[in-house]
Amino acid sequence: MKITVTVVFLFIIFNFSYSKNVITYLDPVPDAGYVSIGNNIVIGFEKPTTLSKDKLLKCIFVNGTKSNMHTGSIIITSDNKKIIFTPDTPYQYGERIDITIKGELLKLISTNEKEYTYSFYTSVRKPDWNELNNIKEEFQIQNINNDNIMDVPQLTVLVNNNPSDGYLFLTPYNSLSYLVITNKNGIPYRVDTKLQFCGDFKKQKNEHYTYFNGQTVKHYELDSSFNTIDSFYCGNGYTTDIHELLVLNNGHALIMAYDPQIVNMGPIVQGGDTAAVVIGLIIQEVDKYHNVVFQWRSWDHFEITDALHENLLAHNIDAVHGNSIEVDNDGNIIISSRHLDEITKINRSTGSIIWRFGEINNQINYLNDSIPFHYQHAARRISNGNLTLYDNGNFHTPHYSRAAEYHLDEVNKTAELVWQYVPNPIIFGNWGGYVQRLPGGNTLIGWGGTIPTVTEVDSNGTVKFEALYAGGIYSYRVYKFSLSGIPVQAGNGQSVTPESFSLEQNYPNPFNPSTKIEFNVAKLSFVELSVFDITGREIKKIVSEVKQPGNYTAVFDGSNLSSGIYVYKYTSGNYSETRKMILLK
């Protein structure tokens, strides 16, 4: 799986170390294998490049042994330290690609060479593998049966002992998928229904919200009013994976893809499949224009045999199974690879590995934890500098899951377990899960593929909140965040709190095709606003969520309805009111 690139890459840097501008980053790396036929070529420099796009285009030559010479275009990143060559046509499967640098660019990086050439190798062929089917298999998802669509899953609260402030973000799935926000007591605040499996619903550092949509296989960004404003997806021909999206302060994003490749396992393990489908991991940083400005590939650094617990004789081998990305305090990245039992720190400038913490390739000495983590999720650097993770514990004896916090000494390469939560009786979630250290010091644990769904504990391990979805309904991750409310403003700019619940007559009335409906909410409560035809059949539920006190306006669109009299009904707790409206086309 790993291509021997260390010596070659170091030679490149050493070879140019006396030059005017050192090459610090190459993608694909020299002699890389299993490269996507849609991969761009990225060259990174120590100092900003001074050449224009036109001049750079005359200095880079890309030639395939099957696809021949490639024309293309040049993109220069905003810091002028990377150039991206985008071929006009993709490479072909099973060929060697030769990159040659000549002319003015070579003069900037070397004083002696007439040209510099390196190569990489494309994928053998496209494997028979589907990302969405892989997601459904991992999260035990059944195909939607429209004849058996269930109601929105109800969160049952088991313990409510003064949990920390904030709102829970969950993604339960039965026959449909739901983006759910509840208050700290588990009462629904907002529910959005999706047709396909969705996940990783959370608040980003830019105060926007994101979630993964299995129908389009993209992550979507929502503003503070939950309007869709952007989408994120992998470049270079890779299919976006559900497990992680991080939106950075500069508008860039970190994202991952699973990368299936045809691999002859015969020379790697006795009796191996000669055309196995082995799944690698791709980590990308994309800029605000969706250009891939950094890419890290497991094929260049990990061995397939690092997957200690996987069946290497199988036809399908999920060798890495990445599930989280974290930006460390020094700007480098930390990833979690479930099937390697490993947390890995990666240099975000060069792509080289800084350290490996976990099972077979461990470089960190455990000081006081005799039971290593297994099949872990959610490696996070927290405010005190420590590392938290969700240890699924698939190979603990007996099986149990836990939340763990380690103090890592990156100089002396030691790990001290400073805190953990192991429930009694034990809980075992063999897939999914998340650990989040909350601002007040409590810890939120999403247990993944088991029950309960979520537990919040304080530093002493006292349960402050616990809740579950019953009937085999799970949430891949659970988060808790603050929520930015949008107060309704009066004419003088002050927030308005109505004295009572009320429903106003729609306007205009009659209407064609849309009309506005105003209603008042006197106190925090669950609100429903529905439209019925004259026979009492519900046409549409316009509002169905918890509302803060305030004045609200809903819009009803009757474009697909016939002219006639319709009824709209507003209910909130014991309050209920009904009014009529006329659609006239």
Side-chain angles (χ1 to χ4, degrees), residues 134-135 138-139 169 171 199-205 210-212 219 232 234 240-248 252-259 279-286 294 296-298 301-302 307 318-329 331-346 348 353-359 364 372-383 386-394 401-406 408 415 429-437 443-449 475-481:
N134 178 68
I135 292 171
E138 177 186 350
F139 296 104
F169 284 60
T171 52
D200 198 31
F201 180 36
K202 63 191 177 190
K203 184 179 180 181
Q204 298 283 351
K205 291 183 178 180
T210 59
Y211 72 96
F212 177 85
H219 293 265
F232 296 90
C234 289
T240 309
D241 181 72
I242 180 178
H243 285 89
E244 187 78 280
L245 168 74
L246 293 182
V247 180
L248 308 180
H252 291 205
L254 289 168
I255 199 167
M256 68 170 59
Y258 282 10
D259 183 26
I279 315 300
L281 175 67
I282 308 296
I283 305 293
Q284 293 184 347
E285 180 178 347
V286 297
F294 173 86
W296 185 92
R297 305 166 66 248
S298 64
H301 302 277
F302 295 159
D318 190 356
V320 183
H321 200 100
N323 54 41
S324 72
I325 312 170
E326 175 76 342
V327 179
D328 205 353
N329 296 331
N332 296 309
I333 60 175
I334 296 173
I335 67 169
S336 167
S337 300
R338 169 181 166 92
H339 288 178
L340 305 183
D341 305 312
E342 179 175 312
I343 309 299
T344 312
K345 184 168 179 176
I346 299 166
R348 197 157 142 221
I353 289 178
I354 298 174
W355 48 252
R356 303 177 72 170
F357 176 36
E359 188 67 78
I364 308 291
F373 51 83
H374 291 291
Y375 273 32
Q376 77 294 329
H377 284 71
R380 294 299 191 219
R381 184 75 78 176
I382 60 177
S383 59
N386 291 342
L387 190 78
T388 58
L389 56 84
Y390 177 61
D391 178 10
N392 290 73
N394 291 46
S401 301
R402 62 174 173 163
E405 177 184 352
Y406 293 94
L408 293 186
N430 67 328
W431 59 266
Y434 197 78
V435 166
Q436 180 185 6
R437 179 60 50 81
T443 301
L444 190 76
I445 308 162
W447 296 101
S475 182
Y476 156 57
R477 286 179 172 180
V478 182
Y479 299 93
K480 178 176 271 192
F481 301 106

Between Gln436 and Leu444, is there a donor-acceptor pair closer than 3.5 Å when you use the side chain of the first and the backbone of the second?
-> no
Specify whether Trp296 and His301 have parallel, tilted or perpendicular ring planes, treating 30° as the upper limit for parallel and 60° as the lower limit for perpendicular.
-> parallel
On a heavy-atom basis, the closest approach of Ala415 and Phe357 is CB-CZ, 3.7 Å
Atom of Ala378, atom of Tyr434 and distance for their closest heavy-atom approach = CB-CD1, 3.3 Å
Nearest atoms (heavy-atom pairs only) where His377 meets Trp431 = CE1-C, 4.4 Å
Is there side-chain contact between Arg348 and Val327, with at least one heavy-atom pair below 4.5 Å?
-> yes
Looking at the rings of His339 and Tyr375, which for Trp means the six-membered one, are their centres under 6.0 Å apart?
-> yes
Asn392 (side chain) donor-acceptor with His374 (main chain) under 3.5 angstrom = no
How about Ser324 and Arg380: do any of their side-chain heavy atoms sit closer than 4.5 Å?
-> yes
Can you tell me if His219 uses its side chain to pair, donor with acceptor, with the backbone of Asp241 under 3.5 Å?
-> yes
Taking the side chain as C-beta and beyond, is there a heavy-atom pair between Arg477 and Asp200 under 4.5 Å?
-> yes
Give the intermediate values and the outcome of side chain to side chain contact (heavy atoms under 4.5 Å, CB included) for residues Phe302 and Thr344.
-> CA-CA 11 Å; Phe302 295 159; Thr344 312; 3.8 Å; yes
For residues Thr240 and Cys234, report the shortest heavy-atom separation together with the two atoms involved.
-> OG1-N, 2.9 Å
Any side-chain heavy atom of Tyr390 sitting closer than 4.5 Å to one from Trp447?
-> yes
Under 4.5 Å between any side-chain heavy atoms of Leu245 and Gln204, yes or no?
-> yes
For the residue pair His243 and Tyr476, is the inter-centroid distance of their aromatic rings smaller than 6.0 Å?
-> yes
Atom CG in Leu281, atom CZ in Arg297: separation rounded to 0.5 Å?
-> 11.0 Å
With a 4.5 Å heavy-atom cut-off, do Thr171 and Phe212 have their side chains touching?
-> no
Could you tell me whether Glu326 and Arg381 make a salt bridge, using a distance below 4.0 angstrom between a side-chain N and a carboxylate O?
-> no
So, for Ile343 and Ala379, which heavy atoms are closest and what is the spacing to 0.1 Å?
-> CD1-CB, 3.6 Å
Minimum side-chain heavy-atom gap Glu359-Phe373 below 4.5 Å = no
Donor-acceptor pair, side chain of Gln376 and main chain of Gly393, under 3.5 angstrom = no
Determine whether Ile333 and Leu246 make a side-chain contact, defined as any pair of heavy atoms from C-beta on separated by less than 4.5 Å.
-> no
Which atom of Ile445 lies closest to which atom of Ala403, heavy atoms considered = CD1-CB, 3.8 Å
